[in-house]
Amino acid sequence: MWEHRAMSDTRDLVRLIAAHAGMEGALLPILHDVQHAFGCVDGEAEAEIAKALNLSRAEVHGVVSFYHDFTPQADPRPRVELCRAEACKARGVEAMVPAAEKAAGSQVQLKTVYCLGLCSAGPNARVGDTLHARLDEAALVALIEGAR
Ligand code: FES
């Protein structure tokens, strides 16, 4: 929860919001950055963002609850993002999904994303900030198992 965040986290949040200050349509980019940095957009983060953007807390919360990308609490499990957009589909990602889901089980968050920007080298996945390209099923399963 926000109340329990370290002071450095508070400064990170303020810095992150400030990076988008004055930008038109800043709400979604800020929410994505907060989700990525903290693993969630909790109530206190919503309040801080609302204050910075001169929005009501309800407006921010409405956007947060509308998109599945944002979660109110951090999930402590490791996260593997698997691209299932068109180019990766054309390169066979869908056939790998059952094995990936089995490898993830309940220990790893397996998230679908739509394009990681490496379309010509798919199927692709991301763990943290690291992109993994040209995955076959065995490599994807190993990646997920290694993320545990
Ligand atoms: S479609 Fe998968 S990286 Fe672009």
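Hydrogens, waters and symmetry mates play no part in the numbers below; they use all other heavy atoms, side chains included. When a ligand or atom number is given, it counts from 1 through the structure's own listing order. Quick note: residue numbers are just sequence positions, from 1.
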Residues R57, E59: salt bridge by 4.0 Å N-O rule:
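A salt bridge is absent here (no side-chain N lies under 4.0 Å from a carboxylate O).
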Closer than 4.0 Å to some heavy atom of [X] - which atoms of ligand 1 meet that?
X	answer
L118	3 (S)
A87	1 (S)
A85	1 (S)
N124	3 (S)
G117	3 (S)

What do you reckon, is CZ of R134 surrounded by more than 12 foreign heavy atoms closer than 6.0 Å?
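No, because the 6.0 Å sphere around CZ of R134 holds 12 heavy atoms or fewer from other groups.
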Under 4.0 Å, heavy atoms only, figure out whether ligand 1 is touched by the backbone of C83, its side chain, both or neither.
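Side chain only.
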C83 versus V93, closest heavy-atom pair with distance
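Between these two residues, the closest heavy atoms are O-CG2, 3.4 Å.
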Which heavy atom of P123 sits nearest to which heavy atom of C88, and what is that distance?
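That would be CA-SG, 3.8 Å.
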Between the side chains of H36 and D129, is a donor N or O closer than 3.5 angstrom to an acceptor N or O?
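Side-chain D/A pair, H36 to D129: present.
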Assess C88: does it contribute an N, O or S atom lying under 2.8 Å from atom 4 (Fe) of ligand 1?
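Not a single backbone or side-chain N, O or S atom of C88 is under 2.8 Å from atom 4 (Fe) of ligand 1.
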Going through the checks in order, is the side chain to side chain donor-acceptor pair (under 3.5 Å) test met by R148 and Q107?
CA-CA 7 Å; R148 287 183 185 158; Q107 292 178 287; 3.3 Å; yes
How far is atom 3 (S) of ligand 1 from the closest protein heavy atom, and which atom is that?
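Protein heavy atom at minimum distance: L116 N, 3.2 Å.
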